[in-house]
Amino acid sequence: MRRAFTLIELLVVISIIALLIAILLPALGAARKAARSSVCLTTTRQQSVAHNVWLAERKERLMAWDANGYFEWVTQIEEYSDSPAGIFLCPEADTFQSWGTGYVNNTRGSATTAWSYGEPFIASYGLNGFLYDINDGTPNASNWTRPDTPNDKSYWWGSFVSQVNDPTEVPFTADAMWPVGWPEHQDVPPADGLGTLVTGAGGGSGNNTFVRFLFNRHPNTTSNVSFVDGHSEAVTMPGMYQLKWSRKFDTTTEKAFNW
């Protein structure tokens with residue numbers, strides 16, 4: 001006589017399978033997230049390598065500020081990459097909001113979205129603004145009030161990459177929700193890690209543009225950062241304050257992140 005599964009046996013098997021799925025899904029999700037973050041880290045390194053090739057062709061002269069296009073650094077180096085189409089998108093933040101009438105809410109990114117500066121141009125990373133050529137242009141000073149702002153050129157590195165001290169510690173690009181920022185050691189971390197702070201152009205609070213680089217996009221609350229010397233690494237949020245963003249950045253500053 002052929003023996004069939006009883007209803008109880010079938011329910012037990014289904015329960016075991018459901019339990020295994022419940023156990024394995026978080027692990028699989030974490031593994032996928034780690035894999036996407038690894039791709040992002042490789043992407044930031046490609047940006048730095050492309051930048052160094054760009055510098056070599058221009059006799060080591062740093063990039064000029066272009067007030068007409070915050071994303072100009074992207075268009076400058078993309079042709080020096082082997083895969084320009086994917087060099088500026090992090091797999092964890094490769095979607096964006098459609099272009100609209102709201103300046104901030106429809107162009108800025110977040111922890112999980114890219115920024116857009118005119119559809120369909122999008123990217124997931126931002127430039128260290130202190131690396132612009134000190135003798136070629138300046139940001140618009142209309143909404144800057146502190147004396148230690150990006151408009152104080154003593155913070156900027158100079159006109160040539162040889163003037164950048166300790167290039168292994170100076171960020172070139174990092175995960176960001178806006179094309180460029182000028183981090184300062186006194187800038188206060190955002191209240192959460194979602195990249196939802198929208199006060200100020202591109203996300204910021206008054207003159208604080210460091211928040212454009214501070215959010216929870218990758219495992220262990222890290223940001224993928226490329227450096228002037230060509231390498232890249234995952235940096236924790238407190239560790240972002242230990243990088244040499246500008247000539248006057250105090251790397252001994254410690255900040256608490258409550259997320």
Side-chain angles (χ1 to χ4, degrees), residues 40 43-44 47 63 65-67 69-74 88-90 92-97 102-118 121-132 139-141 143-146 148-151 155-156 170-218 221-227 232 234-246 249 253 255 257 259:
C40 178
T43 299
T44 56
Q47 293 166 15
M63 198 173 296
W65 163 263
D66 185 351
Y70 291 100
F71 57 84
E72 183 62 24
W73 67 271
V74 173
F88 301 112
L89 279 178
C90 170
E92 294 284 12
D94 57 2
T95 59
F96 70 106
Q97 291 178 295
Y103 174 66
V104 174
N105 291 330
N106 288 293
T107 62
R108 57 178 294 281
S110 69
T112 57
T113 59
W115 54 262
S116 61
Y117 198 86
F121 189 90
I122 59 172
S124 313
Y125 309 95
L127 174 75
N128 175 9
F130 291 111
L131 285 171
Y132 281 122
N140 184 341
N143 64 336
W144 295 89
T145 57
R146 292 191 315 205
D148 53 343
T149 67
N151 298 285
Y155 279 68
W156 294 32
V170 179
F172 170 54
T173 60
D175 282 292
M177 62 180 183
W178 192 246
V180 63
W182 291 264
E184 299 183 71
H185 57 262
Q186 62 267 53
D187 289 339
V188 178
D192 63 47
L194 303 178
T196 54
L197 187 61
V198 298
T199 303
S205 179
N207 296 326
N208 182 352
T209 64
F210 206 165
V211 294
R212 299 174 183 178
F213 299 96
L214 306 175
F215 42 76
N216 187 10
R217 178 176 288 174
H218 299 294
T221 317
T222 58
S223 173
N224 288 326
V225 182
S226 74
F227 293 82
S232 63
V235 180
T236 64
M237 289 297 105
M240 295 287 276
Y241 280 87
Q242 273 71 66
L243 303 179
K244 193 70 175 177
W245 293 88
S246 71
F249 197 96
T253 301
K255 300 291 185 182
F257 286 79
W259 36 272

Going through the checks in order, is the side-chain contact (heavy atoms from CB on, under 4.5 Å) test met by Met240 and Val225?
-> CA-CA 9 Å; Met240 295 287 276; Val225 182; 3.8 Å; yes
Backbone N or O of Thr113 within a donor-acceptor pair of the Glu92 side chain at under 3.5 Å?
-> no
Of all the heavy-atom pairs spanning Ala123 and Ala114, show the shortest one and how long it is.
-> O-CB, 3.1 Å
Which of parallel (below 30°), tilted (30 to 60°) and perpendicular (above 60°) describes Trp73 and Phe172?
-> perpendicular
Check step by step if side-chain contact (heavy atoms from CB on, under 4.5 Å) holds for Val74 and Tyr125.
-> CA-CA 9 Å; Val74 173; Tyr125 309 95; over 6 Å; no
Can you list the residues that meet the side-chain hydrogen bond (donor to acceptor under 3.5 Å, both in side chains) rule with Asn224, with sequence neighbours excluded?
-> His218
Search all heavy atoms of Phe130 against all heavy atoms of Pro183 and return the closest pair with its distance.
-> CE1-O, 3.2 Å
With side-chain contact (heavy atoms from CB on, under 4.5 Å) as the test, would you mind laying out the steps for Phe257 and Leu214 before giving the verdict?
-> CA-CA 10 Å; Phe257 286 79; Leu214 306 175; 4.3 Å; yes
Indicate the atoms forming the closest heavy-atom contact of Ala176 with Gly126, along with that distance.
-> CB-N, 3.2 Å
Test item: His185 and Phe249 side chains (from C-beta on) under 4.5 Å apart, heavy atoms = yes
Could you tell me which residues satisfy side-chain hydrogen bond (donor to acceptor under 3.5 Å, both in side chains) with Ser226, sequence neighbours excluded, listed by chain and number?
-> Thr173
Using a 4.5 Å cut-off on heavy atoms from C-beta on, say whether the side chain of Trp115 contacts that of Arg212.
-> no
Would you check if Asp175 and Phe215 make a side-chain contact, meaning some heavy-atom pair closer than 4.5 Å?
-> yes
For the residue pair Pro189 and Lys255, what are the closest heavy atoms and their distance?
-> CG-CB, 3.7 Å
Examine distances only and state if a side-chain atom of Asn128 and a backbone atom of Val170 form a donor-acceptor pair shorter than 3.5 Å.
-> no
What are the two closest non-hydrogen atoms of Trp182 and Trp156, and how far apart are they?
-> NE1-CZ2, 4.0 Å
Any donor-acceptor pair under 3.5 Å from Arg108 side chain to Trp178 backbone = no
Using the ring of each side chain (for Trp, its six-membered ring), is Phe210 parallel, tilted or perpendicular to Tyr241, with breaks at 30° and 60°?
-> tilted
Test item: Ile122 and Leu89 side chains (from C-beta on) under 4.5 Å apart, heavy atoms = yes
Sequence neighbours excluded, which residues qualify as side-chain contact (heavy atoms from CB on, under 4.5 Å) partners of Asn216?
-> Thr221, Trp259
Do the side chain of Arg217 and the main chain of Ala111 share a donor and acceptor less than 3.5 angstrom apart?
-> yes
Here the gap from Asn208 atom CG to Glu184 atom CD, rounded to the nearest 0.5 Å, amounts to 8.5 Å
Anything under 30° is parallel, anything over 60° is perpendicular, the rest tilted; go ahead and classify Phe213 against Trp245.
-> tilted
Identify the heavy atoms of Thr95 and Thr112 that sit nearest to each other, and give their distance.
-> OG1-O, 4.1 Å
